[in-house]
Amino acid sequence: MPELPEVEVVKRTLERKVLNLIIKKVKINDGNLRYRVNKSDFLKLSGKRIKKIERKSKFLIFKIGKNIMMLVHLGMTGKFFFSNTRNKKFKTSFYYKLDNSKDQKHDRIIFYLEKKQKLIYNDIRKFGFIKVIDFDKYKNNSHLKHLGPEPLEEDFNFKYFKNYISGKNRNVKNVLMDQKCISGLGNIYVNEILFCCSIRPSKKVVKLTNKEIEKIIFNTKKIIKKSIKLGGSSIKNFSSSDGKKGAFQQTFKVYGRNGENCSNADCNTIITKLTISNRSSFYCPRCQK
DNA sequence: AGGCATGTTACAGG
DNA sequence: ACCTGTAACATGCC
């Protein structure tokens, strides 16, 4: 899915496009997302204003009207498209996106906004979801309740991580993917982080030295910051809500690079692919111990 | 045809 | 109850 940096970019784009607009009507083309959408909940959105858009790890949270929250997870292929009449007329990138039959086929939910504008939730694989919930219930929401600190929060620090991994017999790749430990990372960024730390993904956390833990904290923050700055990554199914592509994927050092040479100077070792818990891991056998 | 894909979670077994 | 790993979800692309 879009990982934290991509969701952050989507959030910022949505703020520019739909903040403070009134939802006129919602049309559900296919409600069989990860969780079946509750049509009567969506009816409540009509006539209400989008007042705030927040991001929590990989979730988007829309505050709508006085007491409604809309919780969105993009899954692997979820994305938002935005259109207005001007875009149609001038055939901007939005128009191209919206008029692409392949994309249109996967438009699952359409929010009709004021001034003939539309916000469209499009999701090829339907691993994403949208839930409309009451404001007072969202703090206890099962999706948000157990999330660990985000990479850029102060709470994600040496002491916290060292304590979290103590006594655990797990590999470092899985721990960093675990949203209860740290929320917002996914397969791509974890691969990149571990390469930067010179740590092999399969390494057991009990064997991490203090120095390595420090490196993990530092490089996680560094890479996430950098990716947000570059507009996220845009491999295959992701682009931000205005159709722009991020640039971070051009800086991938290991992800998807199996068979290629290690990008560290003078290394000349071939990047290896290894499956850990059904997910691909990429690493340099020489640089990552 | 078969394998793979940015994610999460229900379940099984220890 | 805790810990761990695996399979499943839906769809498209190579």
Side-chain angles (χ1 to χ4, degrees), chain A residues 1-10 29-37 55-60 71-80 100-108 121-131 141-148 151 164-194 201-202 204-206 223-224 227-228 230-241 245-252 254-259 273-282:
Chain A
M1 114 173 144
E3 303 176 40
L4 188 154
E6 290 75 45
V7 181
E8 177 63 22
V9 172
V10 170
N29 287 341
D30 183 350
N32 294 310
L33 303 179
R34 179 187 188 87
Y35 306 107
R36 184 186 294 272
V37 307
R55 180 194 56 72
K56 175 68 186 163
S57 69
K58 305 179 192 177
F59 294 87
L60 288 165
L71 181 65
V72 181
H73 194 291
L74 300 173
M76 294 274 244
T77 54
K79 46 199 162 306
F80 281 107
N100 181 314
S101 58
K102 254 188 179 173
D103 278 332
Q104 216 159 29
K105 185 177 159 191
H106 303 110
D107 289 347
R108 310 301 183 184
Y121 179 71
N122 176 296
D123 192 341
I124 299 172
R125 289 169 71 184
K126 300 198 284 188
F127 284 176
F129 67 81
I130 302 186
K131 281 183 180 176
N141 184 277
S142 60
H143 299 287
L144 306 172
K145 215 164 31 175
H146 303 293
L147 293 175
Y164 189 92
I165 63 178
S166 80
K168 289 200 166 57
N169 178 34
R170 304 173 69 184
N171 60 60
V172 63
K173 166 91 189 289
N174 280 338
V175 170
L176 290 175
M177 297 274 289
D178 183 349
Q179 305 299 300
K180 290 196 289 293
C181 171
I182 171 172
S183 67
L185 302 180
N187 202 27
I188 291 179
Y189 290 100
V190 171
N191 273 289
E192 294 300 309
I193 289 162
L194 290 173
S202 55
K204 295 283 186 182
V205 286
V206 286
I223 286 175
I224 294 303
S227 184
I228 292 172
L230 290 176
S233 307
S234 309
I235 66 169
K236 284 189 186 169
N237 295 304
F238 174 79
S239 62
S240 65
S241 298
K245 305 243 178 205
F248 185 78
Q249 74 276 11
Q250 288 154 23
T251 75
F252 286 173
V254 277
Y255 184 81
R257 289 187 176 274
N258 49 317
K273 180 177 167 178
L274 169 74
T275 300
I276 298 175
S277 308
N278 284 327
R279 312 304 299 275
S280 295
S281 296
F282 306 89

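Below, each value reflects all heavy atoms present in this structure, side chains not excepted, and no hydrogens, waters or symmetry copies. Each chain gets a letter, A, B and so on, in the order its sequence line appears, and its residues count up from 1.
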Task: Rounded distance [0.5 Å steps], CZ in A:Arg125 versus CG in A:Leu33 - done: 14.0 Å
Task: side-chain N/O A:Lys126 vs C:dC9 OP1/OP2, d < 4.0 Å - done: no
Task: Phosphate-side-chain proximity, A:Arg170 and C:dT4, N/O vs OP1/OP2 below 4.0 Å - done: yes
Open item on the list: Could you tell me how far apart A:Asp107 (CG) and C:dT11 (C1') are, to the nearest whole angstrom?
Closed with: 15 Å
Task: Phosphate OP1/OP2 of C:dG12 contacted by A:Lys105 side-chain N/O (<4.0 Å) - done: yes
Task: Between B:dG7 (C1') and A:Tyr35 (OH): distance, integer Å - done: 11 Å
- [ ] Round to the nearest Å and state the distance from A:Arg279 atom CZ to B:dG7 atom C1'.
- [x] 6 Å
- [ ] Would you mind reading off the distance between A:Asn171 atom CG and C:dC3 atom P, rounded to a whole angstrom?
- [x] 16 Å
TODO: Check whether any side-chain N or O of A:Ser280 sits under 4.0 Å from OP1 or OP2 of B:dA5, and answer yes or no.
DONE: yes
Task: Distance in angstrom units between A:Asn174 CG and C:dT6 P, rounded - done: 9 Å
TODO: Just jot down the salt bridge (charged side-chain N to carboxylate O under 4.0 Å, His left out) partners of A:Arg34, sequence neighbours excluded, or say none.
DONE: none
TODO: Kindly say whether, by distance alone, the side chain of A:Arg125 makes a donor-acceptor pair under 3.5 Å with the base of B:dA5?
DONE: yes
TODO: Could you tell me whether A:Asn187 contacts a base, only the sugar-phosphate backbone, or nothing, with contacts defined as non-hydrogen atoms closer than 4.0 Å?
DONE: sugar-phosphate
Task: Test item: A:Leu74 and A:Phe80 side chains (from C-beta on) under 4.5 Å apart, heavy atoms - done: yes
TODO: Return the stacking result for B:dT8 and A:Phe127: yes when the ring centres lie under 5.5 Å apart and the planes under 30°, no otherwise.
DONE: no
Task: Nearest-0.5 Å distance, CG of residue A:Asn174 to NZ of residue A:Lys204 - done: 9.0 Å
- [ ] Compare side-chain N and O positions of A:His106 against OP1 and OP2 of C:dA10 and report whether any pair is under 4.0 Å apart.
- [x] no
Task: Distance in angstrom units between A:Met76 CE and B:dG7 P, rounded - done: 6 Å
TODO: For B:dG7, take OP1 and OP2 only and decide whether either is under 4.0 Å from a side-chain N or O of A:Gln179.
DONE: no
TODO: Could you check if a side-chain atom of A:Leu185 sits within less than 4.5 angstrom of a side-chain atom of A:Ile224, using non-hydrogen atoms only?
DONE: yes
Task: Per A:Asn278 side chain, nearest of listed nucleotides C:dT11, B:dG7, C:dT6 - done: C:dT6
Open item on the list: If you only use heavy atoms from C-beta on, which nucleotide in C:dG12, B:dA5, B:dG7 is closest to the side chain of A:Ile124?
Closed with: C:dG12
Open item on the list: Within the 4.5 Å heavy-atom criterion, are A:His73 and A:Val7 side-chain neighbours or not?
Closed with: no
Task: Value in whole Å for how far the C1' atom of B:dT8 lies from NZ of A:Lys56 - done: 17 Å
Open item on the list: As a test of your reading of the structure, name each stem of DNA chain B as range with range, where a stem is three or more consecutive Watson-Crick or G-U pairs at under 3.5 Å.
Closed with: B:2-5 with C:11-14, B:7-14 with C:2-9
Task: Donor-acceptor contact present, side-chain A:Glu8 to main-chain A:Ile228, <3.5 Å - done: no
TODO: Round to a whole Å and report the spacing from CG of A:Asn169 to P of C:dG5.
DONE: 7 Å
Open item on the list: Taking only the P atom of each, what is the distance from B:dA10 to C:dA10 in whole angstrom?
Closed with: 15 Å
Open item on the list: Please confirm whether the shortest side-chain N or O distance from A:His73 to OP1 or OP2 of B:dT8 is below 4.0 Å.
Closed with: yes
Task: Minimal non-hydrogen separation, A:Pro5 against A:Ser227, with atom names - done: CB-OG, 3.5 Å
